[in-house]
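Report on one structure; see the data block that follows.
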Amino acid sequence: MDIREYLASNRLIFDGGFGTYYSQKTKEKTEACELANLYRPEVVEDIHREYIEAGADAIKTNTFGAYPELMGGEKKQDEVLRAGVRIAKKAAAQAARPVYVFGDFGPAPGDTEEQKAEAYIRAAEIFLDEGVTNFLFETESTEEGILPAVRAIREKCKDAFIIVSFGVLPDGYSPKGRHYRALLRGMYQSGAVDIIGLNCVSSAKQIRKLLEALPKELMPRISAMPNAGYPVVRGFRTFFDGNAPYFAEAMRGIADLGVRILGGCCGTTPEYIRKTADLLKALPALPYSYDIPSGRPEAEVFPERKISERAASTNRLIRKLSAGDKVIAVELDSPRNADVTKFMDGAKRLRNAGVDTLTIADCPVAQARMDSTLLACKVKRDLDLDVIPHMNCRDRNVNASKALLLGAHAENIRNVLVITGDPIPTAERDEVKSVYQFNSRRMISYVHSLNEEVFSEDPFGIFAALNVNARDFSAELDRAAQKMENGAEGFLTQPVLTKEAEENLKLARKTLSGAYLLGGLIPVISEKNGRFMNEEINGISVPEDMIKTYHGADRAEGEKLAREFTGKICRDILPYVDGLYLMTPFQRIGLMENIVRDIRGMLESEEEAAKQEGEQLC
């Protein structure tokens, strides 16, 4: 019976967690249990048979991680995939009832969508060559590469039955920071996928909660294959201490929502599937026939959540920018110790000088300093000064990032600058580990998703970095455009000290339409300082003629030159920016106070001139 015909009046019960059960039976690690298709095919077949005898109507090929990187090359991958299909088909053919075999894809390797799509398509071509017509993409964290592979499958097998299932945490976010509604929406609206679903990562109870937030009419198009529970680690092995009857009851709750495709993932042994199948098959027949539709659905069942208008937001900085006011931001490094006295005094002086917002770097050059976001909360609370804490991708995973943003929002922080973060020095990497679960573009997308799902009434303003000194500025602009697509509203640029940087800034103004630009300025305070920045600091370029001007200058003369050069650059770039981003050299607050007052005077003069010109026109 065709699987669509079967689903019109039946529930489809999948098998469980092959990899974890294989490890349990053989006491082997499961990093590449797919190789057992070649070396222990009888064990693989026995496991398939156990799940079928437990009540599974569908089994997955043992190919979840069968990509060249893990299998030892493309030739070995080919052998593993073909053997996996043949073993599963043999086990299904020996069953006393029809059992459907699904070609199983785990998340594809690759750094780009093209690389991931290529990996999926290569595996799909082997599945198709072996006569597979049912496919399962499971435990996915992003959509990358999936739809090109799905369309490639349909070109060769138009009647293919395709399930795409995502692994998300109990809060609905995948490990890559994508919200389950957005992931499911993209697959559903493509019209190329038969079933969308959730599997792995979360328990049955948590997956049910997530599904309850979706429209009921969507349930026949949903699959659910949760973990047995949450894992515990003993020694160097991971175990699932779940309870099969409890799991089965939770799966019955999911079935009650109208979900027709149910199964298990990590930790779910044949006993879990047996208990689930016994419960589900004892339920009354489905009350109505359901025809799996094809093509883009007419009704929109995934309404996007709208972010509140900025006019209603408490984000003063964004309101100023949207009103056309030129803003001044100053970066001030957080302390290396627990004493905030000097920092807070400097922040207060800068506020009084006319700064609109303070920015605080997040452990620059991978050296630990006072946390930028916690310090931003104190500045906001004590001084009522807006702050843009930097948030790097180096030190936090998805859970830590969300936890920090929740706390920051509660403390009335409304803007963040998302950056990749400087790498940890080579000598320290054995002791201090980078996280980099996100890159800056993906982190921006994550914060934007939180704005939609959690902070929609009062969202964060999301800023990103733009290097106007990049050697390949066209590539830098392409990345900036991607950041805007992911949710970035504005950019803080690296310092503009050269004519080339100024021209790049002008190009950015034309190219990044709709984004707020805060042009970077850093006062050069001495010849030594200029040469150090030129040679040692990535992203800063200081002209040689500027550096020579400081030759022999003492501190007072150096600061005087710094004010002059900064003022000149400021006048040059003001027509192309929405504000200015000043970096404080060596905590010289007095110098920055003077520069901020200089700029305020410049802005006021421009406003007065514009006002007089307007009056004359009238």
Side-chain angles (χ1 to χ4, degrees), residues 3-4 60-61 63-67 81 102-129 132-168 172-201 214 218 220-223 225 261 292-304 439 441-442 445-446 448-449 452 478 481-482 485-487:
I3 194 167
R4 293 177 177 85
K60 306 180 287 286
T61 57
T63 54
F64 179 85
Y67 296 105
L81 289 169
F102 277 74
D104 189 43
F105 304 85
D111 296 324
T112 66
E113 179 162 16
E114 291 74 18
Q115 290 171 344
K116 293 176 189 293
E118 183 180 343
Y120 286 131
I121 292 170
R122 173 177 167 74
E125 287 174 345
I126 297 170
F127 282 141
L128 288 163
D129 192 49
V132 173
T133 57
N134 303 317
F135 300 86
L136 171 64
F137 294 79
E138 63 167 327
T139 323
E140 302 290 348
S141 290
T142 72
E143 320 87 322
E144 293 176 353
I146 296 175
L147 285 177
V150 167
R151 293 183 177 115
I153 291 171
R154 292 220 179 274
E155 284 180 8
K156 297 189 176 183
C157 181
K158 66 178 182 178
D159 293 327
F161 187 80
I162 301 173
I163 303 173
V164 177
S165 181
F166 296 96
V168 299
Y173 282 92
S174 78
K176 296 296 185 183
R178 300 284 287 128
H179 196 263
Y180 80 108
R181 261 195 295 267
L183 292 168
L184 296 177
R185 181 192 300 127
M187 290 299 125
Y188 181 83
Q189 291 181 340
S190 73
V193 175
D194 294 284
I195 298 292
I196 53 179
L198 300 176
N199 78 287
C200 203
V201 184
L214 299 176
L218 185 65
R221 295 285 302 274
I222 292 288
S223 67
M225 303 181 204
I261 299 179
I292 302 294
S294 60
R296 184 182 174 94
E298 294 181 5
E300 171 59 83
V301 298
F302 283 103
E304 295 189 40
N439 58 31
R441 281 162 284 178
R442 188 165 282 160
S445 176
Y446 178 54
H448 180 67
S449 178
E452 292 179 326
D478 287 343
Q482 292 173 31
E485 289 174 6
N486 287 356

Using the ring-ring contact (aromatic ring centres under 6.0 Å, His included) criterion, which residues pair with F127? Sequence neighbours excluded.
F105
How about Q482: does its CD atom have over 12 heavy atoms from other parts shown lying under 6.0 Å from it?
yes
Exam field: side chain D194 to backbone I163, donor-acceptor pair closer than 3.5 Å
no
Among T61, I3, I162, find the residue that satisfies the side chain to side chain contact (heavy atoms under 4.5 Å, CB included) test when tested with N134.
I3
Do K116 and E140 meet the salt-bridge criterion of a basic N to acidic O distance under 4.0 Å?
no
If I take atom CG from residue D104 and atom OG1 from residue T139, how far apart are they, to the nearest 0.5 angstrom?
7.5 Å
Step through it carefully: locate the ring centre of Y446, locate the ring centre of Y173, and say whether they are under 6.0 Å apart.
yes
S449 side, atom OG; R442 side, atom CZ - distance, nearest 0.5 Å
13.0 Å
dist I195:CD1 -> M187:CE (nearest 0.5 Å) comes out at 14.0 Å
Euclidean distance, E138 CD relative to K60 NZ, rounded to 0.5 Å
5.5 Å
Between S190 and V150, is the side chain to side chain contact (heavy atoms under 4.5 Å, CB included) condition met? List the steps.
CA-CA 10 Å; S190 73; V150 167; over 6 Å; no
Applying side chain to side chain contact (heavy atoms under 4.5 Å, CB included), run through R178 and V168 and close with a yes or a no.
CA-CA 8 Å; R178 300 284 287 128; V168 299; over 6 Å; no
To check you understand the geometry: which heavy-atom pair defines the closest contact between G106 and Y120, and what is its length?
O-CE2, 3.4 Å
Mind checking the CZ-CD1 spacing from F137 to I153? Nearest 0.5 Å is all I need.
4.0 Å
The reported gap from OG in S445 to CG in N439 (rounded to nearest 0.5 angstrom) is 10.0 Å
